[in-house]
Trainee: 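Dropping the structure in here first, questions after.
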Amino acid sequence: MKQYWKFIWFIGVVVFLATGCSQKGIEGISAEDNPTHHYLTGMELIDDGKLSEAKTHFDRALLLAPDFAPALAGNALVAACTCESQEDGAHRSVDMEKALELIEKAEDEADGASQKFSIQVTAIRVYTHAKPKSWLQKAQDAYDTASVIKDVKVTDLPYYRGLEAADYFMGLAAFRAFQFRDAEDLLSKVTQAAPGRWHEPATVLFKKVHKIVRAIANYTLTDVAKHIAIKDEVVRADVAALLVDELRLDSLMAGRIPTPQKNKAEFIPADIITNPFKDEILTTLKWHLRGLEPQYDQTSQAYLFHSDAPVQRKELAFILEDLLIKITGEDKLSSTHFGQDRSPFPDVAPSAPWYNAVMNAVSRSLMEPELSGAFRPDDTADGAEMLLALMRLRNVMNIY
């Protein structure tokens with residue numbers, strides 16, 4: 001019996017020593033091989049979309065300091081971003097659970113005001129990407145917690161580098177939850193603060209949100225429109241969906257121009273058969289809108305709609321111009337501005353095929369150039385400007 005208890009004591013000592021040593025972490029092999037450096041590198045890699053490389057750095061930080069809260073939060077964010085991209089439901093659930101467990105552990109291990117603040121901001125991002133049940137409220141709780149933490153030292157925030165990070169990421173969360181007015185308020189705090197790390201991305205997002213807020217001033221968006229509004233680039237199928245759902249294209253055209261024979265599209269392009277917006281695309285094709293015509297595909301040797309092709313701003317101008325012509329019956333709009341010697345846009349020459357359409361879209365306040373005067377004809381239109389253009393068209397034409 002005595003030997004038995006000696007054995008149990010020996011095992012206990014071994015376990016204790018092993019646990020104690022593991023908590024101390026390993027020694028770094030250079031000055032740069034430290035937890036903070038690996039955490040910062042990992043967060044920047046997440047910004048670049050390199051999730052596996054980011055995890056490698058967070059894991060290294062945790063080998064050096066097993067309870068290093070920022071690295072735990074970093075791995076939580078990696079899991080959340082992975083969860084967001086998962087199409088398989090089972091894999092998504094595993095990644096979500098991992099993300100939530102890691103961010104909770106990071107909150108428990110956070111040491112000092114600055115780390116606690118950093119963890120709460122990362123938590124906002126984790127909930128935004130992973131979208132667990134009641135995710136927006138969880139993000140709001142993290143934001144509220146971050147907002148009341150005192151004595152946060154900006155110098156101890158190697159990645160976030162400013163308290164306005166909380167406003168920016170909560171604004172981004174509200175934007176993705178379609179809470180556009182809340183997003184506008186939060187982002188304005190960042191844009192009005194002294195320029196810092198988050199000033200530029202907040203300004204870009206604020207402009208997009210502001211367009212949406214202006215667009216919905218007198219209208220309630222459909223769910224389809226909300227999802228398209230937050231997109232960084234719209235594709236041809238999105239445009240068709242907005243034209244039918246928000247502009248009510250069929251009723252708008254009926255009575256203004258002759259109804260097509262058989263009241264349907266002349267043919268069904270093969271590439272839209274399984275598209276979720278098939279009906280909207282067919283309705284759009286029925287009215288022969290310039291800029292949304294089927295296009296000949298050399299590979300398949302057939303006319304296709306190309307549903308997933310991004311819509312350039314000059315193409316959006318063509319679509320809007322053709323809507324104006326069809327609604328007003330003023331065919332002369334198609335050539336009003338041709339023959340001009342000078343262009344108000346440094347990147348759109350008067351001889352450009354899209355010059356007239358751009359002039360009509362801008363002069364009717366349906367589209368906007370940059371402050372520099374540039375129109376950016378080859379840039380892809382985003383959801384916010386597409387939505388604003390259609391809502392302004394409704395107002396201009398008194399369409400209700």
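Starting from 1, each residue takes its place in the sequence as its number.
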Trainee: Got a salt bridge between R214 and E385, using NZ or NE/NH1/NH2 to carboxylate O under 4.0 Å?
Mentor: no
Trainee: Checking side chain to side chain contact (heavy atoms under 4.5 Å, CB included) against E101, which of K105, E97, E104 comes through?
Mentor: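 Of the listed options, the one satisfying the test is E97.
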Trainee: For D167 and Y143, test the side chains for any donor-to-acceptor distance below 3.5 angstrom and give the result as yes or no.
Mentor: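 Yes, because at least one side-chain N or O of D167 sits under 3.5 Å from a partner of the opposite role on Y143.
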Trainee: In this structure, is the centre-to-centre distance between the rings of F180 and H210 below 6.0 Å?
Mentor: no
Trainee: Any link between L388 and L390 through a network of hydrophobic side chains (Ile, Leu, Val, Met, Phe, Trp, Tyr) touching at under 4.5 Å?
Mentor: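 No, because L388 and L390 fall into different hydrophobic clusters, even though each may have its own neighbours under 4.5 Å.
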Trainee: Would you say I46 ends up clustered with V126 if hydrophobic residues are merged whenever their side chains have heavy atoms under 4.5 Å apart, either directly or through other cluster members?
Mentor: yes
Trainee: With rounding to the nearest 0.5 Å, note down the distance linking OH in Y160 to OG1 in T122.
Mentor: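 Reported value, rounded in 0.5 Å steps: 3.0 Å.
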Trainee: Pair S307, I281 - check side chain to side chain contact (heavy atoms under 4.5 Å, CB included), show working.
Mentor: CA-CA 8 Å; S307 308; I281 293 171; 3.8 Å; yes
Trainee: Do N356 side-chain atoms and P353 backbone N/O form a donor-acceptor pair below 3.5 Å?
Mentor: no
Trainee: Can you find a pair of side-chain heavy atoms, one from K278 and one from L282, that are under 4.5 Å apart?
Mentor: yes
Trainee: Side chains of I26 and L64: closer than 4.5 Å at any heavy-atom pair?
Mentor: yes
Trainee: Checking the side chain of R236 only, and the main-chain atoms of F305 only, is there a donor and an acceptor separated by less than 3.5 Å?
Mentor: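 Side chain of R236 to backbone of F305, a donor-acceptor pair under 3.5 Å: yes, one is there.
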Trainee: NE2 of H57 to CE of M43: how many Å apart, nearest 0.5 Å?
Mentor: 13.5 Å
Trainee: Just wondering, are more than 12 heavy atoms of other shown residues or ligands nearer than 6.0 Å to CG in L40?
Mentor: yes
Trainee: Would you say R92's side chain and A130's backbone share a donor-acceptor pair under 3.5 angstrom?
Mentor: yes
Trainee: Compute whether any side-chain donor of one residue and acceptor of the other, for Y127 and Q137, lie under 3.5 angstrom apart.
Mentor: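 No, Q137 and Y127 have no side-chain donor paired with an acceptor closer than 3.5 Å.
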Trainee: According to a 4.5 Å side-chain heavy-atom criterion applied to Ile, Leu, Val, Met, Phe, Trp and Tyr, with indirect links allowed, do L304 and L289 form part of one hydrophobic cluster?
Mentor: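 The answer is no; the residues belong to distinct hydrophobic clusters.
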Trainee: Checking K131 against W135: charged group under 6.0 Å from the ring centre and within 45 degrees of the axis?
Mentor: yes
Trainee: If every non-hydrogen atom of P369 is compared with every non-hydrogen atom of F345, which pair is closest and at what distance?
Mentor: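 Closest heavy-atom pair between P369 and F345: CB-CE2, 4.1 Å.
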Trainee: If the test is side-chain hydrogen bond (donor to acceptor under 3.5 Å, both in side chains), which one of D59, T56, D33 qualifies with H38?
Mentor: D33
Trainee: Taking the side chain as every heavy atom from C-beta outward, state whether R248 and R394 have any atom pair closer than 4.5 Å.
Mentor: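 Answer yes - side chains close enough.
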Trainee: Is a side-chain N or O of R290 found less than 3.5 angstrom from the main chain of E321, in a donor-acceptor match?
Mentor: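 Not at all, since once roles are kept as given, no pair shorter than 3.5 Å links the two residues.
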Trainee: When you compare the side chains of D271 and Y303, does any donor N or O come within less than 3.5 Å of an acceptor on the partner?
Mentor: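 Looking only at side-chain atoms, Y303 and D271 do not form any donor-acceptor pair under 3.5 Å.
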Trainee: Test your reading of the model: is there a side-chain donor-acceptor pair from Q192 to the backbone of V190, 3.5 Å cut-off?
Mentor: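 Not confirmed, Q192 side chain does not pair with V190 backbone.
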Trainee: Could you tell me whether the side chains of T380 and Q312 share a donor-acceptor contact shorter than 3.5 Å?
Mentor: no
Trainee: Determine whether L77 and H129 make a side-chain contact, defined as any pair of heavy atoms from C-beta on separated by less than 4.5 Å.
Mentor: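 A side-chain contact under 4.5 Å exists here.
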Trainee: Going by heavy atoms in the side chains, are E370 and F375 under 4.5 Å from each other?
Mentor: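 The answer is no, as the side chains (C-beta and beyond) never meet within the 4.5 Å cut-off.
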Trainee: Are M170 and V152 connected in a single hydrophobic cluster, I mean Ile/Leu/Val/Met/Phe/Trp/Tyr linked by side-chain heavy atoms less than 4.5 Å apart?
Mentor: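 In one cluster: yes.
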Trainee: Look at atom NZ of K314 and say whether more than 12 heavy atoms of other residues, nucleotides or ligands are closer to it than 6.0 Å.
Mentor: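 Yes.
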Trainee: For a 4.5 angstrom cut-off between non-hydrogen side-chain atoms, does F178 reach H227?
Mentor: yes
Trainee: Look up atom CD in Q115 and atom CZ in F68, then write down how far apart they are to the nearest 0.5 Å.
Mentor: 5.5 Å
Trainee: Find out if a path of hydrophobic residues (ILVMFWY) with successive side-chain heavy-atom gaps under 4.5 Å connects V121 to V148.
Mentor: no
Trainee: If only atom types and distance count, is the side chain of T82 paired as donor or acceptor with the main-chain N or O of V78 below 3.5 Å?
Mentor: yes
Trainee: Is it the case that the side chain of T222 and the backbone of A225 share a donor-acceptor pair, with hydrogens and angles ignored and the cut-off at 3.5 Å?
Mentor: yes
Trainee: Between D238 and K231, does a salt bridge (charged side-chain N to carboxylate O under 4.0 Å, His left out) hold up when you go through it step by step?
Mentor: CA-CA 10 Å; D238 295 330; K231 295 182 68 170; 2.6 Å; yes
Trainee: Rounded to the nearest 0.5 Å, how far apart are OG1 of T299 and CG of D297?
Mentor: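 It is 5.0 Å, given to the nearest 0.5 Å.
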Trainee: Does CD in E200 sit with more than 12 non-hydrogen atoms of other residues, nucleotides or ligands closer than 6.0 Å?
Mentor: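 No, not enclosed.
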Trainee: Restricting to non-hydrogen atoms, name the atom on P350 and the atom on F338 that form the minimum distance, rounded to 0.1 Å.
Mentor: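 Scanning both residues completely, I find the closest heavy atoms to be O-CD2, 4.5 Å.
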Trainee: Is a side-chain donor or acceptor of H199 paired with a backbone partner of T191 at a separation under 3.5 angstrom?
Mentor: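 Yes, because the side chain of H199 sits within donor-acceptor range (under 3.5 Å) of the backbone of T191.
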Trainee: Report the C-alpha separation of D322 and K326 in whole Å, then their side-chain angles, then the decisive distance to 0.1 Å, and conclude whether the salt bridge (charged side-chain N to carboxylate O under 4.0 Å, His left out) test is met.
Mentor: CA-CA 6 Å; D322 202 47; K326 285 180 166 62; 2.6 Å; yes
Trainee: Is the closest side-chain donor-acceptor distance between D144 and Q140 under 3.5 Å?
Mentor: yes
Trainee: Which heavy-atom pair separates A229 from L387 by the least distance, and what is that distance?
Mentor: CB-CD2, 3.9 Å
Trainee: Taking the basic N atoms (NZ, or NE/NH1/NH2) and the acidic carboxylate oxygens, is any pair closer than 4.0 Å for R376 and D347?
Mentor: no
Trainee: Think R197 forms a cation-pi with Y159, using NZ or CZ under 6.0 Å from the six-ring centre and within 45 degrees of its axis?
Mentor: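 R197 over Y159 ring: yes.
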Trainee: When you look at D47 and R125, which way does the salt bridge (charged side-chain N to carboxylate O under 4.0 Å, His left out) test go after all the steps?
Mentor: CA-CA 12 Å; D47 291 342; R125 302 176 67 182; 3.7 Å; yes
Trainee: Closest approach of Y39 and A71, non-hydrogen atoms and distance?
Mentor: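 In terms of heavy atoms, the two residues are closest at CD1-N, 4.1 Å.
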Trainee: Could you walk me through whether D111 and K116 pass the salt bridge (charged side-chain N to carboxylate O under 4.0 Å, His left out) check?
Mentor: CA-CA 7 Å; D111 181 23; K116 290 178 180 178; over 6 Å; no
Trainee: Does the side chain of E280 come within less than 4.5 Å of L243's, by heavy atoms?
Mentor: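 They are not in contact (no side-chain heavy atoms under 4.5 Å apart), so the answer is no.
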Trainee: Rounded to the nearest 0.5 Å, how far does CZ of R313 lie from CH2 of W354?
Mentor: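 Separation between the atoms: 13.5 Å.
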Trainee: Report the distance from atom CG of L136 to atom CG of D182, rounding to the nearest 0.5 Å.
Mentor: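 Reported to 0.5 Å precision, the distance equals 8.0 Å.
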